[in-house]
Amino acid sequence: MSTRLATGGRLIDRNKPLGFSFNGKRMTGYAGDTLASALLANGQMLVGRSFKYHRPRGIVARGAEEPNALANFGESAAFEPNQRMTTTPLTEGAVIASQNHWPSLEFDIGAINARMARFLPAGFYYKTFNWPRGFWKHIYEPFIRRSAGLGKAPKERDEDRYEHLYAFCDVLVIGGGIAGLVAAKAAGDSGQRVILIEQTGSWGGRAAVDGGQIDGIEVMQWIKETLQELEKNKNITIRPNTMGAGIYDHGYTLAYEQTHDLNAPRHRLWRIRAAKIITATGAIERPLSFANNDLPGVMLASAVRDYLADCGVSAGDRTVIVTNNDDAYRTAVALKEGGLEVPAILDARPDPLGQLVEKARDLGIRVEAGRGVASVTGKGRVQGVDVCLHAGEGAVLETIPCEAVAMSGGWSPVVHLWSHCRGKLIWDEEQAHFRPDPSRPPINHDGQGFVITAGSASGALQTNDVLADAHRAASGAGTPPVSDAISEGPIMPVWVMPQGAGIEKRAKMFLDYQNDVKVSDVQLAAQEGYESVEHAKRYTTLGMATDQGKLSNINGLAVLSDALHQPIPDTGTTTFRPPYTPISMASIAGDARGELFQPLRRTPLHDWHEDNGAHWEPVGQWRRPYAFVRTGESVDQAVAREVTATRTSLGLLDASTLGKIIVKGPDAGKFLDMMYTNMMSNLAVGKCRYGLMCSENGFLIDDGVVARMSEDTWLCHTTTGGADHIHGHMEEWLQTEWWDWKVYTANVTEQWAQIGIVGPNARKVLEKIGGIDVSAETLPFMTWAEGKLGGIPVRAFRISFSGELSYEIAVAANQGRALWDMLHAAGDEHGATSYGTEALHIMRAEKGFIMIGDETDGTVIPQDLGLDWAISKKKDDYLGKRAQARSHMTDRNRWKLVGLETLDGSVLPDGAYAVADGENANGQRKTQGRVTSTYQSPTLGRGIAMGLVSNGPDRMGDVLNFPDTDGKPHEARIVSPVFYDPDGEKQNV
Amino acid sequence: MSEPVSALNGASFGGYCDVTEIGLRGMVTLRGDLSAAAFKKVIEAETGLTVPGQRKIVHGKVVSLAWMSPDELLLLVSYRDAAATAARLADSLNHQHAMAVDVSDARASFRIEGSACREVLAKLAPVDLYPEAFGHGDIRRTRLAQVAGAIWMPDEASFEVVCFRSVARYVFDLLSEAARHGGQVGYPVET
Amino acid sequence: MLLITCPNCGVAAEETELHAGGEAHITRFGPEASENDFEDYLFRRENPRGVHFERWRHANGCGKWFHAARCTATLEVFGTYSAQTTEPPREILETIRAKRPAWTWRDLK
Amino acid sequence: MRRYSAFAIAREVLRHHQGWERAWAKPEPRKQYDVIIVGAGGHGLATAYYLGKNHGITNVAVLEKGWLGGGNTGRNTTIIRSNYLQDPSAAIYEKARSLYETLSQDLNMNVMFSPRGVMMLAQTEHEVRGYVRTAHANALQGVQTEFIGPERVKELCPIIRIDGPRYPVLGALWQARGGTARHDAVAWGYARACSDMGMHIIQKCEVTGIRTEGGNVTGVETTRGPIGCSKLGLVAAGHSGVLAQMAGFRLPLESVALQALVSEPIKPCMDVVVMANTVHGYMSQSDKGEMVIGGGTDGFNNYTQRGSFHHIEETVRALVETFPMIARLKMLRQWGGIVDVTGDRSPIISPTPVGGLFVNCGWGTGGFKAIPGGGWATAEMIAKGAPGPLAAEFGLNRFREGRFIDESVAAGVAH
C-alpha cells in the first residue's frame, strides 16, 4: 500500500508535522503536503465513491485534473464540499471527509449500483422511468436525486472575506513552468509590463520533477535564479496560487488567487486586461483504457513520479508501468532509483527504443514490448495485473502481483484557455493530441489574435522544444535557453487496451471516472445515433463532471471517432467553457455582500428617519419611509394617523428623492416642448406646471412639476425612480438627435433636500419660522419663489400632491437636516407629523391623482388616464405623439381611468380584474378592467380605488364584479376618481 | 442660521491606507464650449487657471479645475465661496450659451492616503492605475464598484474621490473594506 | 467583456463603464410618418450577423454618447466616432471594406 | 420504432445493449417536401411533431445547420412555468406546461418533467403588487398560481434567506405545477418521434438562401443543395433575423447573449425553482445535484454564444445574498446562448410577407418552457395557413398597431 518514504520530497518540510483527520481518523502529514499526498502517505488509497455506480475510487492524479479525490472539507462556516484533494494544501487540524457513500466509505449501500451496472448503461434514464405517469416526480426522481450529487450542502453563512482587483498589462503569462518563466523573462526584458501567474504554490512545473540541466545548470537552480531575475524587474508582477480561470473577449482574463492567509481575503478575483496573453499551461497525461483501470492504486505515471519527488510518497512497493510512450519510463526509473520495485513495464509499442527505454533496461527493469493490461485484479484496490498482447483480444499471458499501476496514454496540451474565446485546434497525428492552431487564434477588438501558447501547451513535449517555443511566444531577443534533455521515441496511440477487447472488457474500461462513463457507453451513444460529439457528451455525461473531462475528453473522442469510423478531427471537440477549474461563488460576489451588496442611497434626512421608527420601503436604490411607526401602533394604524394629522393640521414629508433637472439655453423651451406632452415654452417665469413625459412608443414614463426659473432656464421635477433615467433620456435626445439645439442640462437632484409642508397649518408654520413671504397673494398655487427661511436660503414651491395647502421647500442638502429640525420645532404646536410614502399614496388617491407605476405599467398612455388636458393640441410634435395615433391606441374600447367604489364600503382587492361575460377562444375568462390602486381611506372611512375600465368614463354608475383569486365576488360602482375636495378649495387657500 | 454638515461629517478609517471624508467642499459644474475663446476667457479670469485638456485637472492655490467631458468642467472651490462663485460665473457667462451650477451639496469627497493607495482604487475601478498610465494631473471619471465616481491624485501618494452624496456611505465603506489590513496586494506598484 | 474607446474622452472603456444604446443611424419619424415608416423606425433593426453600427453611452465616464462599428460575430471593433452624425464617416467605412471586401450595408454604395 | 421501457432494458442487458437501434434516422434529403422546418431545436422539432400528430402532415424535413437541440434548447436553465400576466402569454405557456405533463408518455422518452414548483420572489412593494395582480389574472386564465407569504416561502425553500438586510422576501408568486425538465431529452424525444413518423431530420445542413416565386416560397438553398417545399417554417431563434433577410424581409428582432452557469453537484438542498427578479437571478437544483443559475442578457447585439462576465457577477452576487449557503459552492461551468428579443419581449408566431413562409421566433429568454405549446401553435398555423387562437395575438402586425404583449409590467424581467 501507499506510504511515506524515509527520505525525499522536495516540497515537504519534515520538521513541520501537521495533524489532520480523515473520516474521523487522526493522521499526520507535513507542511507542503496536499490533502492527497498526506492521505497516500497514511496508506489511504480509497478516498471516495464514484457518482453513478459508487465504485471505490482512489487518487489518480497530482493536480487539477483529478477526477476522484473530492472531499467534504472543513467545518461549520468554513465547510466546503467537493474540495479537490490534489490541489488543496494540508493545514493543521484539517478535517477531511469522503463523499457520496452511505453508511460508510468502506461499506456503501449505493455500491449495489455497481452490481446493477449492466442495467444502467448510458441514457438508461431516458429509456425508462416514464411509466406510470407521476411516478417520475414522486418515486423515481426523489430516489435518483438522493443518490446523485457529491458533497454535502453547506449549511452556514460563509464568514470569510473576498475581493476583486483590476489589473492591466502588456503581457499576461499564465503558467509558472519553465515555459512560463522563459516567456515572462523574455517579455520583461523587452520592457513590457508583465504579470506572471501560477496555479500552484511552486514554480518550474514538470521540469522541477524531471530534473536535468538548462543552460548548463541544474534545473532547480535555474528556476530559482530565473525567479530572482523576474522579481528584480519592477515591471513584472509574479503571483503564485493564482489560476488563470477564464479568458474573455478583448483580452479580459479572470485570475483566481487563493491566498492561504487567514488575515487576507480568502480568495481574490483578478480581472486582468492584457494586450497579449501567453498561455503556458502545460499538458495533462492521459489514462489508458483497460479493464478495471479505475481500481484504487491505478494512477497516472506522472502522478506516481510527482508524489515520490515532491512529497516522498510512494503509491506502493511494487508498481507496474503501462504505457504507449517514453515518458512513463521516467517514472519507472524514478521508482527504481527510489529503491522501489518495478516488476515490469508493459509497453504497447512493438519495439520501444530510445534513451529512456535503454536507461530502464540498464537499471534491470523488465520491459515487455507489445504488451498491455488485460485487466487489473484486486478487490477494492490493485493486487495485480493480467498481462496480455496489446494486439490481441486479451488472452492472459501471466498475472503480475503489484500494489500500484502507473499508466500513461500520452500527453494532451491544456488548450482550455486558448479555446475560451474560440481559438481553434488541430489534430497532431504524430503526438496523438489536439493542439492550438496558431493560425486561428482568438480575435481581439483590433481583429488581431491576442492569445499565444507557449511550451507543452503548444504541443511541444520535449524540453528543448518547450524552451524554444516559449522564447518565440514572447518574441524574446537572442537565443532560447537550452537543456540537456535526452530525446524520446515516438508515441503509439492507444485508445482501447487490448486492441481487440470484447464487450465485457470494454464495459469495465473507464473514460470518465467521476461520472462512470465507460468505453462501452460512448460506443452505445454512437450506435444509437448520438453522433455529434455534443450529443455523445450529453447522452453519456462524458466530461461533464467537476474535472470537466480533463482526463477523459480525448480518450472519449477517440473511442467515438472509432465507433463512427471517422478520423478524430472530423469528430471535433466539445466547447471549452470557463472556468478552467471551479472557482468559489463567494469570490465572484467579492466584497458585494451585506451592506456592500448594492449601494443604498440615503437622503440628508435618512438618519432622522432611522431614529424615528421609519418602516422602510426600497424605492430603486433609495430607501424611503413607508410610515413612521410609534410604539404600540401597527403599520396600518401609523399610516392612518399620518393621513389624518396631515389633512387636519400639519404633515411633513421628505421629498428629497424627487428628481430635479435644470434645463437651460436658447432652445430649452423648444426642447421641453418635445420632451413633455404639454407646452412648457410658454410657462411664465415664477410659475409651475404639471407635465407628462412619454416614450417615443407613446407610453407614459414619468410626470412631475416643471418650474420656470428664468428666461432661458427651467427646473424639471421627476419621480423618484425617474431622476437618473429621465436626465439620461434628455441627454440622449440632445446628443443623438437634436445636437444642434442650444440646450444644457444638469441633474441637481442631490444638491437639494426637498421637504413637503402639508396641511391647513402649513402656512402658519412657515410664517412662524419667518423669512420668505408665503402668503396666498405673493405665492399663489402653482408658483415658486426664492428666499430665506430661518436664515437658510431656500426655494419654495407652492404645489400639492395631497390636495391640501402645501409647500415644497428645497434647501441645500447639507442644511436639509437643520431645516427639517426647525420645521418640527416650529410645527410642534400643530402636532407636526412626518409621513411616509403610503400616506402620500393614499392622499393622492383620495384626490384622484395618478401615480407612475400604479396607474401606469408601461402599457398606459396619457389618454387612458383622462389626462388629455395635459396634452397640448397646439404642438405639431412631441415624443410619443405619432405612436399614440396607432390604431390600438385610439381604440374607443381602451381601458380608461375611473374611480371605483365598493357597494359595501369594503376595500377592493389589489390587482383584481373586472370580469366580463364568457370566455375567449383560449378558454380564458373575459375581462373588462382592473384595479390599479386601492386603499382604505382614513379621511372618508371607506374603501376607495382607482382602476382602468374598458370605455370606463362613459359608464359612470355601472357596477362591475372584481372577483378575488378564490372567486369571491367584489362589486364596485364606477365613479369619478376624485373622492376628496373635487373643487380644490383646500389646496387653493 | 445653522452650520452645513457634509454627508459623513468627516468620517475616517485606518487600514493599510487611510480613508477620510474630506467634508464640505465647493463644487461648480460648468458647461459650455471648452474650445471657445470667450468661454475660456471667463473661466480663466475667474479661476486664474488655464482650462485643462482632456482628462486633466489643474490646481491653483485655493481652486482646482477639472476636465469632465468635452463640454463640461468641474470647478473646486471652498464651500463658503461656491454659491457666490457660481452666481458670478453665471453672470459673466450670461452672453454666451453656457451654464454654471453650484453642486457642492450634491457630492461627497474622500481622500485615500498611503503608499499603496493605487491598489485601493484598483480594487474598485476598471482603470489602469499604473504610474505610467495615471498620475498627478490626471482625472478619471469611472465606476467605483456599483456607482459612478471621479478620481485624481493631488500628489503622488494620495487619491481624491468624488461621488454623489446619497452614496457617500457606500463609497466610504467600499474604500475602507478595500484598505483593510491584511488585504494589501502589491499591485500596482507602491508610490 | 468588450473594450471600446470613447471618442469623446479618449478612454479605452471597459464594458461596465458603458451603456449599450442599440442600432445607430436610425432616422426619427414623427407625427406625419406612414405606418410602415414608423414601425420601421421603432422596431425593425438590421440585427446583422457581422458589421453593426451601434450607439453607446460612456455612462460611468464622461457621460457622452458615441457610435461604434463592431462585428457581432467576432466582436472586432472597426472604430468609434461621434454620435453627432447621420452616417458612418468615410475612414470607418474604408477600414471595414479593407477587412470585409464583400460587405454591404443598407443602400450604401 | 422499438419502444423504450424497463423491460426493453432488461432484454438488452443479455446482449450487452448491442441491440439498441438509432434514436433517429440519418436520411439523405429528398428533392421536395410538403413542409420544411428550418431549425431542429425544441420549437422546430415540436412543430414537425404536431404537424404529423395533429394534422397528418408527415412529408416534412427539419433542417439543422449544426446538431439537433444544439441551440438554446440545450443551453437554458430548463425552467417550465406559465404564471404569465397577459392572456395570450398565459394561454400558450400553459398549453406548453400541460403538454409537458404527459410528454414522456407521448414521446416514449423520459424527458424528466419535474413539476417541483416555481416561485417568483417579491422583494419590493411594487413587486408584491405586480405578482398579486398576476395571481388575479392567472385565476381567470385557468393557470393555477397563488401569492404566498414569506413563511411559506421559507417552508418550501429552507435554504433561502427571507430577512436579508436589503431586500427581505415579502412573498412570492407560487406555481406548484411549474418545474423543470431535461432539456436535451425534450429535443431527442421529439426528434425520435418525428423520425418514427417518417419525417427527415437533416443535421449539418445549413440554409443559405430562400427561393420564392411570385411572392410565394418554393424552397431553400442549403449546403447540401436546393430542396423544394410548398410551406416553410423558420424556427431558428437567434438566427431567424438572418434567415428572414434571405427571404427579403426584416423581423423586429435583436439577437443578444443570455448566460447561465452551474455549480459543482451537491446533495439535494433545494426542491423548488426560485426566481428573484429584483436582484436578477434564478436558481434550481438539477437531478445531478448542480445548482443551475441564470441571469440577465447583454445589452448589445451578439452572435458569439459567450457573454460578458459582469452579468455572471451580478447574478451570483444576488444569489449569494439570497442563498448564503452557496457562497462556498464553486462555479463549475458558465455558457451563453443567443436569444432573439422583440420590441415587447414576447414571441412572434406569424405568417410573413412571403406566401407559405411562417415564423416562430422572438422567444427571448422564455423559449424552452414554451416548446410544446409553440410547436403546437406553429404546426396549426402552418397546416391551416393561418394562426389559430393560441398564435393569433403573436402576429407581426401587432407592432404596427401598437398592440403589445408586455410581460415586463408585472415581473420586471421575464424568463
Side-chain angles (χ1 to χ4, degrees), chain A residues 161 163-169 193 195 234 237 239 261-265 268 270-271 273 590-592 595-596 598-604 606 621-622 656-657 662 664-666 713 742-753 790-793 812-819 821-822, chain B residues 1-7 24 27 29 31-32 71-72 79 82-83 90 97-108 119 121-130 132-133 144-147 163-171 173-174 177-178 180-189:
Chain A
R161 283 167 70 190
E163 72 180 14
H164 296 161
L165 180 78
Y166 290 94
F168 296 76
C169 61
R193 273 164 61 190
I195 298 177
K234 261 187 90 60
T237 304
R239 222 65 195 175
D261 170 359
L262 294 175
N263 303 316
R268 178 178 293 121
W270 292 58
R271 289 97 143 251
R273 186 76 71 163
D591 62 7
E595 276 306 301
L596 291 178
Q598 270 184 14
L600 174 60
R601 299 178 70 183
R602 296 169 161 87
T603 75
H606 186 95
Q621 287 181 327
W622 292 101
S656 306
T657 58
I662 296 176
K664 176 180 188 298
T713 308
K742 287 187 157 52
V743 182
Y744 285 127
T745 71
N747 183 353
V748 294
T749 302
E750 300 198 14
Q751 172 68 14
W752 305 94
I792 304 176
N814 290 336
Q815 286 170 290
R817 175 63 188 271
L819 181 65
D821 292 341
M822 206 182 288
Chain B
M1 176 74 200
S2 61
E3 280 313 303
V5 185
S6 71
L24 296 174
M27 297 187 200
T29 286
R31 294 196 63 180
D71 64 2
E72 181 177 345
Y79 186 78
H97 174 42
M99 182 188 235
V101 192
D102 177 5
V103 293
S104 315
D105 291 59
R107 309 267 200 273
E119 73 179 48
L121 272 301
K123 291 178 181 182
L124 306 179
V127 179
D128 185 353
L129 294 172
Y130 216 74
E132 288 84 335
L144 303 167
Q146 298 173 59
V147 297
C163 66
F164 281 109
R165 190 188 202 279
S166 65
V167 293
R169 169 60 58 182
Y170 172 75
V171 170
D173 291 347
L174 275 179
E177 179 65 23
R180 246 171 85 178
H181 286 294
Q184 188 162 352
V185 185
Y187 174 97
V189 296

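Below, chain A is the first sequence line, B the second, and so on; all start at residue 1. Remember, it's a predicted structure, so these values are computed and weren't measured experimentally. Heavy atoms only: backbone and side chains are in, while hydrogens, waters and symmetry mates are out.
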Test item: Asp105(B) side-chain N/O and Asn814(A) main-chain N/O as donor-acceptor pair under 3.5 Å | yes
Given a strict heavy-atom distance threshold of 4.5 Å, which part of Val5(B) is in contact with chain A: side chain, backbone, both, or neither?
-> both
Part of Ala125(B) within contact of chain A (heavy atom distance under 4.5 Å) |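 Just its backbone gets close to chain A.
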Within a strict 4.5 Å, meaning less than it, do heavy atoms of the Arg268(A) and Arg239(A) side chains meet?
-> yes
Please flag which part of Leu596(A) lies under 4.5 Å from any non-hydrogen atom of chain B: side chain, backbone, both or neither.
-> both
Is it the backbone or the side chain of Trp752(A) that comes under 4.5 Å from a heavy atom of chain B, or both, or neither?
->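 It is neither, since no heavy atom gets under 4.5 Å.
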Based on non-hydrogen pairs under 4.5 Å, which of [options] is most in contact with chain A?
options	answer
Val101(B), Thr29(B), Val185(B)	Val185(B)
Glu119(B), Arg107(B), Glu72(B), Gln146(B)	Gln146(B)
Asp102(B), Val147(B), Leu121(B), Leu24(B)	Asp102(B)
Gly32(B), Ala133(B), Ala145(B), Ala7(B)	Gly32(B)
Gly183(B), Ala83(B), Pro126(B)	Pro126(B)

When rounded to the nearest 0.5 angstrom, what is the spacing between CH2 in Trp622(A) and CZ in Arg602(A)?
-> 11.0 Å
CZ of Arg273(A) to OH of Tyr166(A), rounded to nearest 0.5 Å, is 9.5 Å
Mind running salt bridge (charged side-chain N to carboxylate O under 4.0 Å, His left out) on Arg193(A) and Glu132(B) for me, showing each step along the way?
-> CA-CA 10 Å; Arg193(A) 273 164 61 190; Glu132(B) 288 84 335; 5.4 Å; no
What is the ring orientation for His97(B) with Tyr744(A), classed by angle as parallel under 30°, tilted 30 to 60°, or perpendicular over 60°?
-> parallel
In terms of heavy-atom pairs under 4.5 Å, which option from Leu262(A), Asn263(A), Val748(A) contacts chain B the most?
-> Asn263(A)
Chain B shares the most heavy-atom pairs under 4.5 Å, among Arg271(A), Gln598(A), Arg817(A), with Gln598(A)
Give the minimum heavy-atom separation between Ala90(B) and Ala100(B), together with the two atoms involved.
->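 Taking every non-hydrogen atom into account, N-CB, 3.8 Å.
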Does the salt bridge (charged side-chain N to carboxylate O under 4.0 Å, His left out) test come out yes or no for Arg161(A) and Glu177(B), once each step is laid out?
-> CA-CA 9 Å; Arg161(A) 283 167 70 190; Glu177(B) 179 65 23; 3.5 Å; yes
